[in-house]
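Structure record follows, encoded as structure tokens.
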Amino acid sequence: MQQFITLFFLSLLAFPSHAQQWEPFSSPTEPFFQQKLRNIQQNLFVSYQDGVYRSLDGGSHWEKSFNNIPVDIQDPVLLEVNQDKSRVYFARTTDTSGYFGLYTSSNLGNTWSYIGSSSLGKLAFIGDTIYSVWHHQTPNWLLSKKLNAGGWELISSFPHDTAGIVRTYAAEGEHLWVLAGKGLYHSSDAGYHWELNLPLNNLPPLTGNPGKTVFVEALHEEVVQLNEYAAKIYYSKDHGASWEEIPWAYRNLMPYMVFPSQ
């Protein structure tokens, strides 16, 4: 289902946009076990419990790019791409540290290198800096890591004590967006300074209804923030300087949208 979510929200970020035509493409294996679909440089990557598959021709043909031997067929995995740096990231089943082994490829999946452990969820990127949230111990920990330059470091400037549990996040340019229990936080300088840009009246905890979704995406100075708990979709075309509410026309689809960060 993740590939539908991504395409759906990219169309919102490009709003208004010309009508797009959908067409099917083949899947490399049984879709029941599919985790996520990503596109980079017109190449498709799909993550499964047994690894990463790639297609260089729009989905007509697939090949195994990364082999993962899962402990259990339902073990979760992570797949992300850094479009700016043309890198693909894959987090496989738990490694010896008890977390998830994070791998990256700089040549579209031809070879992969291990770069450390990661909390499973989502990665965001500003240049060669990776952003994530550590959910294993303290869910408020917003972290950053320089590629090939040490481990994860706490972003001490983020208001961890007052923001509430971090739900999800996105990055674009030098801008970071973090959706936490209190609302949507924004940093325009890669995490050095923060403001509560869009209060959301305290989102329910992560242990709430798993069918309910909160979501943020950013692209080309535009930001879309979804809060299914309140049946609200907000849209900004100026990095959050102003917001407008998008009509809740897609409410019948939202219960079927489940994101890895939850």
> Considering residues, nucleotides and ligands other than Gln83, do more than 12 of their heavy atoms fall under 6.0 Å from its CD?
Replying inline: yes
> What heavy-atom pair brings Tyr114 and Ser117 nearest, and what distance separates the two atoms?
Replying inline: OH-OG, 3.6 Å
> Looking only at heavy atoms, what is the nearest atom pair of Gly109 and Ser65, with distance?
Replying inline: O-OG, 2.7 Å
> With side chains defined as the heavy atoms from C-beta onward, is the minimum distance between Ile233 and Glu228 less than 4.5 Å?
Replying inline: no
> With Gln42, which residues qualify under side chain to side chain contact (heavy atoms under 4.5 Å, CB included), at least two apart?
Replying inline: none
> Can you find a heavy atom in the side chain of Thr129 that is under 4.5 Å from one in the side chain of Lys145?
Replying inline: no
>> To the closest 0.5 Å, what do you measure between OG (Ser55) and CG (Asn43)?
In response: 7.5 Å
> Does the side chain of Trp177 come under 3.5 Å of the side chain of Asn197 through a donor N or O and an acceptor N or O?
Replying inline: no
>> Checking the side chain of Asn227 only, and the main-chain atoms of Ala231 only, is there a donor and an acceptor separated by less than 3.5 Å?
In response: no
> What pairs with Asp189 under side chain to side chain contact (heavy atoms under 4.5 Å, CB included), at least two apart in sequence or on another chain?
Replying inline: Ser187, Tyr192, His193
> Heavy atoms, side chains only, cut-off 4.5 Å: are Ile155 and Leu143 in contact?
Replying inline: no
>> Show, in sequence, the C-alpha distance, side-chain angles and deciding distance for Trp152 and Ile130, and conclude whether the side-chain contact (heavy atoms from CB on, under 4.5 Å) test is met.
In response: CA-CA 9 Å; Trp152 293 93; Ile130 310 169; 3.8 Å; yes
> Say you draw a straight line from CD1 of Ile126 to CD of Glu174; how long is it, rounded to the nearest 0.5 Å?
Replying inline: 5.5 Å
>> Within the 4.5 Å heavy-atom criterion, are Val52 and Asn68 side-chain neighbours or not?
In response: no
> If every non-hydrogen atom of Lys182 is compared with every non-hydrogen atom of Thr162, which pair is closest and at what distance?
Replying inline: CD-O, 3.7 Å
> Mind checking whether Leu196 and Leu142 sit in one hydrophobic cluster, side chains of I, L, V, M, F, W, Y counted as touching below 4.5 Å?
Replying inline: yes
> Checking Thr104 side chain against Tyr89 main chain: does a donor-acceptor pair fall under 3.5 Å?
Replying inline: no
>> Would His175 and Val223 count as a side-chain contact (heavy atoms from CB on, under 4.5 Å) here? Give the steps.
In response: CA-CA 11 Å; His175 294 262; Val223 185; over 6 Å; no
> Could Glu221 and Lys237 be called an ion pair, given the rule that one side-chain N must be under 4.0 Å from one carboxylate O?
Replying inline: no
> Would Ser86 and Gln41 count as a side-chain hydrogen bond (donor to acceptor under 3.5 Å, both in side chains) if you check the C-alpha gap in whole Å, the side-chain angles of each, and the deciding distance to 0.1 Å?
Replying inline: CA-CA 8 Å; Ser86 300; Gln41 294 186 12; 2.7 Å; yes
> Say you draw a straight line from CD of Glu245 to NZ of Lys232; how long is it, rounded to the nearest 0.5 Å?
Replying inline: 4.0 Å
>> Check for me whether the distance between the ring centres of Trp62 and Tyr53 falls short of 6.0 Å.
In response: no
> Can you tell if the side chain of Phe158 reaches within under 4.5 Å of the side chain of Val166, non-hydrogen atoms only?
Replying inline: yes
> Can you tell me if NZ on Lys64 sees more than 12 non-hydrogen neighbours from other groups inside 6.0 Å?
Replying inline: yes
> Does some side-chain heavy atom of Val81 sit less than 4.5 Å from a side-chain heavy atom of Phe125?
Replying inline: no
>> To the nearest 0.5 Å, what is the distance between CG on Leu123 and CG on Leu79?
In response: 9.5 Å
> So how far is it from Phe66 CZ to Trp112 CH2, rounded to the nearest 0.5 Å?
Replying inline: 7.0 Å
> Say you draw a straight line from CZ of Phe90 to CZ of Phe100; how long is it, rounded to the nearest 0.5 Å?
Replying inline: 10.5 Å
> Is Asn82 reaching over with its side chain to a backbone N or O of Gly127, donor-acceptor style, under 3.5 angstrom?
Replying inline: yes
>> Count I, L, V, M, F, W, Y as connected when their side-chain heavy atoms are under 4.5 Å apart, and connections chain through other members. Are Ile40 and Val77 then in the same cluster?
In response: yes
> Does Ser188 reach the side chain of His186, with side-chain heavy atoms less than 4.5 Å apart?
Replying inline: yes
>> Tell me the closest heavy-atom pair linking Ala180 and Gly164, and the distance in Å.
In response: CB-O, 3.9 Å
>> Could you go through Val88 and Arg38, starting from their C-alpha distance and side-chain angles, then the distance that decides it, and tell me whether this counts as side-chain contact (heavy atoms from CB on, under 4.5 Å)?
In response: CA-CA 9 Å; Val88 185; Arg38 286 290 182 255; over 6 Å; no
> Counting only N and O atoms by type, is there a donor-acceptor contact under 3.5 Å from the side chain of Ser157 to the main-chain atoms of Gly191?
Replying inline: yes
> Is the shortest heavy-atom distance from the side chain of Asn110 to the side chain of Arg54 under 4.5 Å?
Replying inline: yes
>> For Glu172 and His239: C-alpha separation, side-chain torsions, deciding distance, then whether side-chain contact (heavy atoms from CB on, under 4.5 Å) applies.
In response: CA-CA 10 Å; Glu172 191 252 333; His239 285 313; 3.2 Å; yes
> When you check the gap from the basic side-chain N to the acidic O, do Lys122 and Glu217 get nearer than 4.0 Å?
Replying inline: yes
> What closest approach, in Å, do Ala170 and Ala124 show between heavy atoms, and which atom pair accounts for it?
Replying inline: C-CB, 4.3 Å
